[in-house]
There are 2 protein chains.
Amino acid sequence: MPKGTLTRDEVLDTAAGLVKRHGPQALTMRGLAAELGTAVTSIYWHVGGREALLDALVERTVAGLGEIRPAGGTPEQRVVSVACALRRQLRDHPHLVALVHERGLTERMFLPAQQVLVREARAAGLRGARAAEFVRAVQFQVVGHVLVERNRERAPVQSPGEEELWSAETTGADPALARALARPVDTERLFVTSVRALVGALLTPSGT
Amino acid sequence: MPKGTLTRDEVLDTAAGLVKRHGPQALTMRGLAAELGTAVTSIYWHVGGREALLDALVERTVAGLGEIRPAGGTPEQRVVSVACALRRQLRDHPHLVALVHERGLTERMFLPAQQVLVREARAAGLRGARAAEFVRAVQFQVVGHVLVERNRERAPVQSPGEEELWSAETTGADPALARALARPVDTERLFVTSVRALVGALLTPSGT
DNA sequence: ACCTGAACACCGTTCAAGT
DNA sequence: ACCTGAACACCGTTCAAGT
């Protein structure tokens, strides 16, 4: 329900709704114009072309993501909680992940957790380049996991008949292993295990 | 240089060349037909529509990926070497990563390292569900990292002026940390560090 | 069995023209 | 300053028609 004059925010709002409902590939300039009740070319005047529109949507969504607060007693617990919170945020906005990928703005998904992670890294005793590497490792881990998760969900019934591949031979006569590999992945559990392992190892340096 | 009659393989070859040179979004049915010197509709007869074409290309590339052989003395070293080899393979075929993402076939990128990882997990003493989870953790880690890497490379000069964000306040008066965060990420180093941490932690269980 | 052109229903973007 | 329609140069896919 647009008022008399078209606004940049109005355009972004309707665009966001369209993406939220049907994904970024469903966001067409012509479709958006129809939804807005204007000519296609008006969109160009207010926000520019499609790429500029997507970029604006990404910025908008990231900005609206709400702060992440660490929870837990030990530094390790706190960092893990941040990782889980970031994953949850991203999973709660699947369209954001899709948008970000279409525009190559992965970096933006790092932002919500960035400062908190820096703080926690220092609280855990890390300094300088080591602290920076720790922050990056967690960011890559979380965002990478979410990207893989999201991508898998788009391909239903993937690699069928894989159970056959896991014969006694390749699994070394370990039927429990064969069964586990045939089952769908419990991504939630896998995520927590991985993050815990990574964070634990990086926070308790044994060598160097 | 097509012979008199058009072949499915010929179509796939030219399509692969097109993708390799200009990326998957440059692979258009009409452009491919032009390159082949045939009518667009011939492609439909031989390989089906665009999505079927992309799927065929993914399968083809993965099949041609060469076996991964672990190297090193300890199980940890061997698994890390497999992870590095898989990453290298995927990075050497950036078009494959792009293809896979456009079609949601992430799972296919797991395959080259799958059996080797299962073997190494068992060699390291893991059994049943624990072994399966270990394999998945490494796969998610590697593929996730590659997805993030690839995606970042598409957005040049990302987040400029970020150095300003890392003032003394947020970094806790750690200029080395601020500088490290302002620098571009050394993804190679980050990858090795992360994988080593993950694998090391998962192979030497302390709790449970 | 294989290949064709024409047609359909879409795209994003530009540009001159309106008010 | 803001909005418009027409036009350009593309898409993927279908289908009836050819040989």
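Every chain is numbered from 1 and lettered A, B, ... according to where its sequence line falls, protein lines coming before strand lines. When reading the values below, keep in mind they use all heavy atoms of this one structure, side chains included, and skip hydrogens, waters and symmetry mates. Note that the coordinates shown come from a computational prediction; the quantities given were computed from them, not determined experimentally.
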Rounded to whole angstrom units, what separation is found between the [atom1] atom of [X] and the [atom2] atom of [N]?
X	N	atom1	atom2	result
A:Leu54	C:dC11	CG	P	15 Å
A:Glu10	D:dC2	CD	P	13 Å
A:Tyr44	C:dA17	OH	C1'	19 Å
B:Met29	D:dT13	CE	P	6 Å
A:Ile43	D:dC3	CD1	P	11 Å
A:Leu27	C:dC10	CG	C1'	15 Å

Under 4.5 Å between any side-chain heavy atoms of [X] and [Y], yes or no?
X	Y	value
B:Thr106	B:His101	no
B:Arg87	B:Val195	no
A:Glu107	B:Asn151	no

Margin query: Taking B:Leu181's backbone N and O only, do any of them form a donor-acceptor pair with A:Arg136's side chain (distance below 3.5 Å, no angle check)?
Written below: yes

Check: NA contact type, A:Arg50, heavy-atom cut-off 4.0 Å: base, sugar-phosphate, or nothing?
Finding: sugar-phosphate

Notebook entry, point to check: With a non-hydrogen cut-off below 4.0 angstrom, is B:Thr28 in contact with a base, only sugar-phosphate, or nothing?
Noted result: sugar-phosphate

From C-beta outward on [X], which listed nucleotide comes closest to its side chain: [options]?
X	options	result
A:Trp45	D:dT4, D:dC3, C:dC3	D:dC3
A:Arg30	D:dT4, C:dT4, C:dT13	C:dT13
A:Thr41	C:dG5, C:dC15, D:dC3	C:dC15
A:His46	C:dT4, D:dT13, D:dC3	D:dC3

Margin query: What's the gap between D:dC3 and C:dA16 when it is taken at their C1' atoms, as a whole Å value?
Written below: 13 Å

